[in-house]
Amino acid sequence: MDNVTDHHENRLDRTGRRDDAVRAAVEQGWLGPDTPIVGLLDVTGIRESAAELRAAFDAVVAPGTPVLHAFAVKATPLVPVLRLLRDEGIGAEVASPGELALARAAGLSPARTVLDSPAKTPAELREALALGIAVNADNPQELDRIDGLMRSAISRSPIGIRVNPQVGGGSIEATSTATATSKFGVALRDEGAREWVVRAYAVRPWLTRLHAHTGSQGIPLELMAQGTAELFALAEEINRRLGRPQIDTIDIGGGLPVNFGSDATTPTYAQYARVLREAVPGLFDGRYGLVTEFGRSLLAKHGTVVARVEYAKSAGGRPVAVTHAGVQVATRTVYVPQSWPLRIAAYDGKGRPKEGPEVVQDVAGPACFAGDLLAEGRALPLLEQGDHAAALDTGAYYFAHHYAYNSLARPGIYGFTPDGAGGVAFATVREPQSLDEIVAESGGAHASALTTLRTPGRP
């Protein structure tokens with residue numbers, strides 16, 4: 001089967017699984033008047049993406065090359081997701097103590113974990129080095145801090161430096177991490193920076209990795225490849241000037257952009273791997289181990305937020321569907337819709353794809369401000385009270401990243417697969433948040449704390 005046919009069939013399979021899951025969620029009571037919003041994760045699709053990632057790089061690296069694909073935990077920080085990916089041969093890239101705790105709870109081994117962050121504390125570094133987790137130092141001050149820890153302890157951690165190749169940005173500034181003034185890494189083109197990096201490796205034989213990440217959504221493949229080419233050239237220069245193969249592993253980051261415009265998966269991992277092989281052939285000849293840090297591209301296409309239409313109304317002649325999905329589950333889309341538009345699928349009250357003529361309408365969320373819109377002026381079959389609106393491609397950076405505007409509860413998240421008998425099986429990934437939990441997180445145990453404080457000398 002050729003790649004075009006394969007991707008077409010995968011897209012149809014994914015759409016069919018999603019439609020079946022929405023209908024089954026309504027039929028089985030996961031979604032209804034009392035539970036008007038859920039997050040759904042396509043387990044089959046996640047497994048397929050993991051397999052596609054591994055196969056894409058296996059096809060271009062020399063046999064026997066050590067390769068670690070570390071999932072960027074920030075994309076979908078859910079323990080069951082990390083466990084599923086672990087079982088599919090994917091490690092974890094973490095950027096905080098919380099993310100490391102999630103990875104450890106999912107059973108990720110230190111050897112398959114990478115710590116990246118621009119603001120690591122001494123305690124974070126000490127823990128990572130004690131566990132043997134790979135660490136990428138972000139800046140000279142952090143490297144000084146690691147120096148002190150390495151003098152007082154023996155660590156098995158592979159350690160590298162993150163550099164910023166400063167090759168430019170993409171169409172979304174906030175996700176472009178290789179601009180001239182990016183906050184990440186050592187800015188290679190700044191005066192004296194490249195020489196500082198070379199000297200840092202020369203005096204530290206335990207520095208064996210080099211890392212860069214050009215950006216994510218909105219970054220074209222060619223720019224990503226250019227960033228990797230700059231990284232590879234620096235590794236070659238360091239090893240040549242030191243007269244030894246000290247750098248043995250290159251971490252190219254992740255950042256494969258996601259197509260939010262249709263169900264098609266484009267670009268693919270295979271396409272990116274081929275672009276990299278053409279741009280940086282030496283990266284794959286077996287001299288260097290390889291680390292990747294993909295996040296959004298592994299999960300986005302396999303998640304769906306489904307929300308009940310509580311009311312249908314009109315304003316200024318335009319229909320408005322008021323749903324239970326808005327800024328709390330789609331923060332980026334609501335606040336920056338031009339950069340993060342989402343497709344919306346319409347389902348009827350029984351969870352079936354809705355048919356009928358398309359009508360230009362707004363799909364609104366439940367938060368109390370006018371801009372809380374999942375979609376504005378979108379042509380869809382008319383959404384009516386009791387129908388469902390589904391925000392597609394939301395498996396990464398959406399319903400797992402709750403924004404507690406109006407103290408709206410976190411929705412339940414459920415994984416699904418075909419049950420083998422024509423139906424759909426669900427598993428709980430995260431329970432829906434209760435009102436008691438909202439109160440507890442909002443200081444409920446300390447209700448009198450401020451009223452009992454007294455300024456000396458005041459009644």
Side-chain angles (χ1 to χ4, degrees), residues 6-7 9-22 24-25 30 38-58 68-94 99 102-103 105-108 112 216-217 254-260 263-270 272 292-306 329 342-343 390-401 411-420 424-430:
D6 191 22
H7 295 320
E9 292 197 0
N10 284 346
R11 182 172 74 248
L12 294 179
D13 289 347
R14 184 165 61 232
T15 304
R17 289 195 302 267
R18 180 179 68 227
D19 289 346
D20 290 346
V22 174
W30 300 102
V38 296
L40 300 177
L41 285 169
D42 180 355
V43 174
T44 302
I46 296 171
R47 291 187 189 275
E48 289 175 349
S49 283
E52 289 164 4
L53 171 58
R54 296 196 318 270
F57 281 84
D58 286 348
L68 171 63
H69 298 295
F71 174 67
V73 173
K74 57 183 169 288
T76 310
L78 297 167
V79 172
V81 168
L82 304 183
R83 175 69 66 86
L84 174 65
L85 291 172
R86 185 204 70 171
D87 289 356
E88 294 298 315
I90 307 297
E93 183 265 340
V94 301
E99 290 183 0
L102 296 178
L108 271 297
R112 300 188 64 77
S216 51
Q217 195 67 18
L256 190 72
V258 169
N259 165 36
F260 285 95
D263 275 318
T265 299
T266 178
T268 66
Y269 292 121
Y272 181 41
T292 72
E293 300 175 355
F294 296 102
R296 179 183 289 107
S297 55
L298 273 166
L299 262 292
K301 286 288 182 186
H302 310 305
T304 306
V305 178
V306 190
V329 290
L342 286 174
R343 291 182 297 136
L392 310 183
D393 306 327
T394 48
Y397 297 104
Y398 279 94
F399 51 70
H401 297 70
I413 300 175
Y414 307 96
F416 66 87
T417 60
D419 65 5
V424 178
F426 291 93
T428 299
V429 174
R430 186 185 71 193

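Predicted, not measured: the structure shown is a model, and the values here were computed from it.
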For residues Phe426 and Val424, determine if any side-chain heavy atom of one lies less than 4.5 Å from a side-chain heavy atom of the other. yes
Under the side-chain contact (heavy atoms from CB on, under 4.5 Å) test, residues paired with [X] that sit two or more places apart:
X: Ala400; result: Thr76, Pro77, Leu78
X: Ser49; result: Glu52, Leu298, His302
X: Ala390; result: Thr304, Val306, Ala345, Tyr347, Leu392

Partners passing salt bridge (charged side-chain N to carboxylate O under 4.0 Å, His left out) against Asp20 (at least two apart in sequence or in another chain):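 Salt bridge (charged side-chain N to carboxylate O under 4.0 Å, His left out) check on Asp20 returns Arg23.
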What residues, two or more places apart in sequence or in another chain, satisfy salt bridge (charged side-chain N to carboxylate O under 4.0 Å, His left out) together with Glu99? none
Could you list the residues that satisfy side chain to side chain donor-acceptor pair (under 3.5 Å) with Tyr269, not counting sequence neighbours?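 For Tyr269, the residues satisfying side chain to side chain donor-acceptor pair (under 3.5 Å) (neighbours in sequence not counted) are Ser297.
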Mind checking what makes side chain to side chain donor-acceptor pair (under 3.5 Å) contact with Thr394, not counting sequence neighbours?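 Thr394 satisfies side chain to side chain donor-acceptor pair (under 3.5 Å) with no residue once adjacent residues are dropped.
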Pair listing, salt bridge (Lys or Arg N to Asp or Glu O under 4.0 Å) test, anchored in residues 69-79, at least two apart: Lys74-Glu93
Within residues 77-87 or reaching into it, pairs that qualify as salt bridge (Lys or Arg N to Asp or Glu O under 4.0 Å) - sequence neighbours excluded: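 As it turns out, there is no salt bridge (Lys or Arg N to Asp or Glu O under 4.0 Å) pair with a partner in residues 77-87 once direct neighbours are skipped.
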Not counting sequence neighbours, which residues clear ring pair (Phe, Tyr, Trp, His ring centres under 6.0 Å) with Tyr272? List them please. none
Report the residues that fulfil ring pair (Phe, Tyr, Trp, His ring centres under 6.0 Å) with Tyr398, sequence neighbours left out, ordered by chain and then residue number.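 Listed in chain order: nothing, the list is empty.
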Please set out all donor-acceptor pairs under 3.5 angstrom arising from side-chain atoms of residues 411-419, sequence neighbours excluded.
{"residue": "Asp419", "atom": "OD1", "partner": "Ala421", "partner atom": "N", "Å": "2.8"}
{"residue": "Asp419", "atom": "OD1", "partner": "Gly422", "partner atom": "N", "Å": "3.4"}
{"residue": "Asp419", "atom": "OD1", "partner": "Gly423", "partner atom": "N", "Å": "2.8"}

On a heavy-atom basis, which atom in Lys301 and which in Asn259 lie closest, and how many Å separate them? NZ-O, 2.5 Å
Between Asp42 and Arg14, does any side-chain N to carboxylate O distance fall below 4.0 Å?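 No, Asp42 and Arg14 are not salt-bridged.
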What's the separation between atom CZ in Phe260 and atom CZ in Arg296, rounded to the nearest 0.5 Å? 5.5 Å
Just by distance, do the side chain of Arg54 and the backbone of Glu88 share a donor-acceptor pair under 3.5 Å?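 Between the backbone of Glu88 and the side chain of Arg54 there is a qualifying donor-acceptor contact (under 3.5 Å).
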With Leu85 as reference, evaluate Leu108, Leu299, Leu53 under the side chain to side chain contact (heavy atoms under 4.5 Å, CB included) test and give the passing residue. Leu299
